[in-house]
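Structure first, then comments.
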Amino acid sequence: MKSRAAVAWEAKKPLTIETIEIGGPKPGEVLVEIMATGVCHTDAYTLDGLDSEGKFPAILGHEGAGIVREIGAGVTSLKVGDHVIPLYTPECRQCKTCLSQRSNLCTSIRATQGQGLMPDRTSRFSCERVGGQGGEIFHYMGCSTFSNFTVLPEIALAKVREDAPFDKICYIGCGVTTGIGAVVYTGKVWPGANVVVFGLGGIGLNVIQGARMVGADKIIGVDINPAKVEMARKFGMTDFINPKEVGNDHVVAAIQSLTDGGADFTFDCTGNVNVMRQALEACHRGWGTSIVIGVAPAGAEISTRPFQLVTGRNWRGSAFGGARGRTDVPKIVDWYMEGKINIDDLITHTMPLDEINTAFDLMHEGKSIRSVVIY
Ligand SMILES: NC(=O)c1ccc[n+]([C@@H]2O[C@H](COP(=O)([O-])OP(=O)(O)OC[C@H]3O[C@@H](n4cnc5c(N)ncnc54)[C@H](O)[C@@H]3O)[C@@H](O)[C@H]2O)c1
Ligand SMILES: [Zn+2]
Ligand SMILES: [Zn+2]
């Protein structure tokens with residue numbers, strides 16, 4: 001069948017809208033009509049050529065929501081008409097990691113997903129404009145939500161309730177779950193905890209509302225851009241520190257004085273390795289935990305004095321918020337529908353597929369929190 005898609009032909013070039021050919025779902029696969037997709041920093045990172053594994057031509061996009069239109073042989077957990085959110089972190093419930101219940105990093109299709117291919121090592125996408133054999137276009141993060149129709153393995157789709165609006169819940173496919181999940185699943189933040197969030201962009205705001213949802217006491221935001229304060233307060237931030245005002249060397253001391261010695265939990269949502277160090281050192285001696293969410297530039301390294309760890313601080317990371325996609329994503333959709341979390345105010349821009357390059361411009365100019373393409 002044919003589909004409209006935004007194709008990334010090479011790094012640092014705008015996407016172009018093409019009519020592509022899609023192969024039907026093979027055994028264990030599902031054809032999904034994407035109804036809406038967010039545009040995330042990770043898409044921009046790959047399009048900017050910063051992702052060493054990035055492959056071109058590709059159909060980017062990993063933050064979608066849509067409807068099952070066709071199922072391949074052997075698919076049992078989904079049927080035509082189901083509403084779904086694609087998962088770049090699948091949940092097979094059979095691999096060593098899934099069975100361990102200790103991590104969400106399912107390994108079942110990791111190798112082929114990283115190569116831009118389906119589990120049988122082929123692509124379902126092709127386009128006449130591509131030269132070479134078959135005219136193949138690569139998949140991206142196993143999702144490729146910048147195509148109106150896409151094919152995913154059954155284990156990479158979360159089935160969600162049908163009354164939830166696609167143009168909002170698509171954001172649960174990455175940003176919302178990354179931030180809220182880091183609080184709920186990775187950190188297991190307790191009621192009354194003091195929490196510090198470094199970086200008040202889309203991810204940081206979701207950490208803040210996750211902390212509020214679980215009943216954190218102080219929720220301290222740290223950002224070099226004071227324009228972020230108003231929105232952060234709306235989402236639950238109680239205190240704000242601007243490193244440019246207190247002095248970068250005094251950020252840790254400022255946090256210690258607000259939290260009676262150090263935070264129970266800190267979250268890096270900047271991707272800056274110097275900030276990651278501050279976030280660790282701002283943790284309370286004996287038990288404080290710092291969780292790295294931000295993605296650092298290729299080759300960057302973190303450092304601190306080992307004494308920080310000897311004296312009981314914990315340094316952890318979180319991918320996709322530690323959420324097990326098929327199990328936890330439907331619950332997060334419920335939290336949205338029940339009014340426990342706010343997604344509407346984070347979606348600052350919407351546009352049709354033809355204007356998808358505008359979403360990247362708005363992101364680079366810092367004008368959007370999240371742009372959503374509606375098909
Ligand atoms: N781990 C995951 O699964 C995952 C998933 C999605 C995104 N991410 C990463 O999360 C990070 C945040 O994403 P986002 O969409 O919120 O980005 P964003 O650019 O919208 O927000 C970053 C914020 O950090 C602030 N900031 C920058 N330097 C700072 C500093 N030195 N001190 C304090 N604040 C500073 C900026 O002013 C901005 O408000 C990115 O690195 C992104 O790649 C991780
Ligand atoms: Zn993302
Ligand atoms: Zn698995």
Side-chain angles (χ1 to χ4, degrees), residues 37-46 48 50-51 60-64 86-101 103-110 140-141 143 145 153 155-156 170-179 181-182 185-186 196-208 221-229 231-232 240-244 246 248 251 267-279 291-297 300 316-327 346 348 362-371:
T37 177
V39 179
C40 172
H41 272 92
T42 308
D43 301 308
Y45 184 83
T46 303
D48 288 342
L50 301 173
D51 178 356
L60 304 179
H62 60 282
E63 198 175 74
L87 302 167
Y88 60 85
T89 304
E91 182 187 353
C92 76
R93 298 175 174 159
Q94 288 175 350
C95 73
K96 180 182 174 187
T97 301
C98 285
L99 290 175
S100 79
Q101 300 268 318
S103 164
N104 65 331
L105 300 179
C106 176
T107 53
S108 59
I109 57 170
R110 193 180 55 181
Y140 176 68
M141 291 176 75
C143 294
T145 58
I155 58 165
C170 60
Y171 194 17
I172 296 173
C174 182
V176 170
T177 301
T178 296
Y185 305 117
T186 307
V196 185
V197 183
F198 291 79
L200 304 177
I203 299 292
L205 290 170
N206 277 300
V207 172
I208 286 176
V222 182
D223 202 297
I224 49 178
N225 181 357
K228 305 280 178 170
V229 169
M231 188 69 122
F240 176 67
I241 295 170
N242 183 345
K244 288 189 169 163
V246 302
N248 208 26
V251 171
F267 295 85
D268 169 71
C269 311
T270 70
N272 177 319
V273 292
N274 300 314
V275 173
M276 292 177 195
R277 178 174 191 152
Q278 287 179 335
I291 297 173
V292 174
I293 304 176
V295 177
R316 304 206 46 189
S318 178
F320 195 48
R324 292 163 303 159
R326 289 203 282 163
T327 304
L346 297 174
T348 50
L362 290 164
M363 183 194 302
H364 289 308
E365 291 160 12
K367 289 183 179 158
S368 58
I369 297 174
R370 182 56 100 234
S371 293

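Counting starts at 1 for both ligands and their atoms, following the listed order.
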Do I293 and V207 have side chains that approach each other closer than 4.5 Å (heavy atoms only, starting at C-beta)? yes
For residues L205 and R370, determine if any side-chain heavy atom of one lies less than 4.5 Å from a side-chain heavy atom of the other. no
Take atom CZ in R316; do more than 12 heavy atoms of anything else shown fall under 6.0 Å from it? no
Nearest heavy-atom contact between E63 and G175 is OE2-N, 2.9 Å
Would you check ligand 1 and list the protein residues that come within less than 4.0 Å of it by any heavy atom, ordered by chain and number? H41, C174, T178, G199, L200, G201, G202, I203, V222, D223, I224, N225, K228, C269, T270, N272, V275, I293, G294, V295, S318, A319, F320
Is any side-chain heavy atom of L200 closer than 4.5 Å to one of I208? yes
Verify, without hydrogens or angle tests, whether Q94 (side chain) and S108 (backbone) share a donor-acceptor contact under 3.5 angstrom. no
Between V197, L346, T178, I172, which is the residue that forms a side-chain contact (heavy atoms from CB on, under 4.5 Å) with N206? L346
Would you say that F267 contacts T186 through its side chain, given a criterion of any heavy-atom pair below 4.5 Å between the two side chains? no
Testing I241, N242, D268 for side-chain contact (heavy atoms from CB on, under 4.5 Å) with V222, which one passes? I241
Only one of D43, T46, T37 forms a side chain to side chain donor-acceptor pair (under 3.5 Å) with H62, so which one is it? D43
What protein N/O/S atoms are there under 2.8 Å from the Zn ion (ligand 3), waters excluded? C92 SG, C95 SG, C98 SG, C106 SG
So what does the C40 SG - the Zn ion (ligand 2) - C174 SG angle come to, to 10°? 130°
